[in-house]
Amino acid sequence: MRTVSVDTRLPSTATGRRSDSTRDADEAKGSGPEHALATYPGADGDEPSDAGLIEASLTSPERFAGVFDRHADEIHAYAGRRLGPEHADDVTAETFLVAFRKRHRYDTSRPDARPWLYGIAANLISGHRRSEVRRLRALARAPHDAGERGSHEEERGAERASAAALRPALAAALARLSAAERDLLLLVAWADLSYEEAAEALKIPIGTVRSRLHRVRTKLRRHLDLPEENV
């Protein structure tokens, strides 16, 4: 597991007193039985949902570490894939720091925090757009087997070799997309979010997700010269 450190202690200004944000969170969260069942483990001892941990962290900040433990590795992998390893640690740490600071705003009717965390990460990655495009263009210029050096040729099947050959063309195609298009496509393709989760992450309507993805696939087919079923 990654060892990125995130300080989940309350800011010193909030120590010893109940913050405005905590009061707001207490007012916003429900208190009925449906809410409790949706966010906290049942009597059978199941693990709490992400929403349960986030809600518990409003009064016990250390509980937020459970959200970090569950999702830090995949957020780190996503940031690294988009920006390279030199930015992955910073984006991951900042994602969970922002999430911790804004946890009182989290909609606890949503048990899975992945879309929320990916949305924060995508917003932070937006501050590195030029770095991302430069990285993609560099990958597009690189030999198709640059990342395979040292591996034995017999270990590479035809399918793997074909995928490696496509990599520079795909990097070039991704670099040509707009930032919004790239965010959506990669949340679905690399983060494996559903359309509904991607809409939640990016705070856009589900209809926008569908129409934007259709346009993106059309662009990729044109850039990669692939039939529709291969996109």
Side-chain angles (χ1 to χ4, degrees), residues 2 4 71-98 114-151 156-195 197-204 208-231:
R2 301 291 312 177
V4 178
H71 303 297
D73 282 352
E74 63 175 298
I75 295 295
H76 186 275
Y78 179 74
R81 198 170 183 185
R82 290 194 62 172
L83 298 175
E86 64 272 20
H87 295 297
D89 283 356
D90 289 343
V91 169
T92 302
E94 188 67 17
T95 294
F96 285 91
L97 182 59
V98 171
R114 288 176 68 251
W116 179 58
L117 294 171
Y118 273 112
I120 295 172
N123 188 55
L124 292 170
I125 289 170
S126 70
H128 300 273
R129 294 298 184 199
R130 292 182 180 178
S131 295
E132 182 178 29
V133 172
R134 282 198 301 268
R135 171 178 166 79
L136 288 169
R137 288 174 178 167
L139 290 172
R141 293 191 299 268
H144 73 268
D145 62 347
E148 307 282 342
R149 291 171 185 167
S151 64
R156 298 169 59 193
E159 184 174 328
R160 183 177 175 188
S162 296
L166 179 62
R167 214 169 290 150
L170 180 58
L174 290 175
R176 293 189 183 104
L177 297 177
S178 71
E181 291 171 334
R182 195 162 51 246
D183 277 344
L184 177 56
L185 175 66
L186 299 183
L187 284 174
V188 172
W190 289 358
D192 199 27
L193 297 188
S194 67
Y195 286 10
E197 290 171 334
E200 179 187 345
L202 297 175
K203 295 181 174 60
I204 58 178
T208 301
V209 169
R210 293 193 176 98
S211 60
R212 190 175 292 171
L213 278 176
H214 178 74
R215 291 196 301 272
V216 169
R217 286 171 177 145
T218 299
K219 288 184 178 182
L220 289 181
R221 285 198 301 272
R222 183 171 66 251
H223 292 321
L224 300 175
D225 194 23
L226 290 175
E228 183 173 353
E229 61 271 17
N230 286 4
V231 178

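Basis for what follows: all heavy atoms, side chains included, without hydrogens, waters or symmetry-related copies.
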All side-chain contact (heavy atoms from CB on, under 4.5 Å) counterparts of Ala191, not counting sequence neighbours: Tyr78, Tyr118, Leu187, Leu193
Distance (rounded to the nearest 0.5 Å) between Leu220 CG and Leu170 CG: 7.0 Å
Partners passing side-chain contact (heavy atoms from CB on, under 4.5 Å) against Ala138 (at least two apart in sequence or in another chain): Arg141
Partner set under side-chain hydrogen bond (donor to acceptor under 3.5 Å, both in side chains) for Thr208, not counting sequence neighbours: none
Reported CZ-to-CG distance for the pair Arg176 and Leu136, which is rounded to 0.5 angstrom: 11.0 Å
Side chain to side chain, Val98 and Asn123, heavy atoms closer than 4.5 Å: no
Separation of Thr92 OG1 from His71 NE2 (nearest 0.5 Å): 13.5 Å
Shortest non-hydrogen contact between Arg212 and Ile204, atoms and distance: NH1-CD1, 3.9 Å
Test side-chain contact (heavy atoms from CB on, under 4.5 Å) applied to Ala77 - qualifying residues, sequence neighbours left out: none
Separation of Leu202 CG from Leu184 CG (nearest 0.5 Å): 6.0 Å
Lys219 side chain reached by Arg222 side chain, heavy atoms, under 4.5 Å: yes
side-chain hydrogen bond (donor to acceptor under 3.5 Å, both in side chains) involving Ser126 - partner list, sequence neighbours excluded: none
Residues that His87 engages under ring pair (Phe, Tyr, Trp, His ring centres under 6.0 Å), provided they are two or more places apart: His128
Sequence neighbours excluded - salt bridge (charged side-chain N to carboxylate O under 4.0 Å, His left out) pairs with any residue from residues 116-130: Arg129-Glu132, Arg129-Asp183
Non-neighbouring partners of Arg114 that pass salt bridge (charged side-chain N to carboxylate O under 4.0 Å, His left out), sequence neighbours left out: Glu74
Shortest non-hydrogen contact between Arg135 and Gly80, atoms and distance: NH2-O, 3.7 Å
Minimum heavy-atom distance Ala198-Val188, with the two atoms named: CB-CG2, 4.1 Å
Gap separating the CG atom of Leu117 from the CZ atom of Phe96, nearest 0.5 angstrom: 5.0 Å
Distance in Å, Leu174 CG paired with Leu186 CG, rounded so as to fall on 0.5 Å steps: 5.5 Å
Heavy-atom pair with the smallest gap, counting every atom of Leu177 and Arg182: O-NH1, 3.0 Å
Residue list, side-chain hydrogen bond (donor to acceptor under 3.5 Å, both in side chains) with Arg215, at least two apart or on another chain: none
Non-hydrogen side-chain atoms of Arg217 and Arg221 separated by less than 4.5 Å: yes
Ile75 to Ala121 - nearest heavy-atom pair and separation: CG2-CB, 4.3 Å
Nearest heavy-atom neighbours spanning Ala88 and Ala79: CA-CB, 4.1 Å
Of all pairs that satisfy salt bridge (charged side-chain N to carboxylate O under 4.0 Å, His left out), the ones with a partner from residues 117-127, not counting sequence neighbours: none
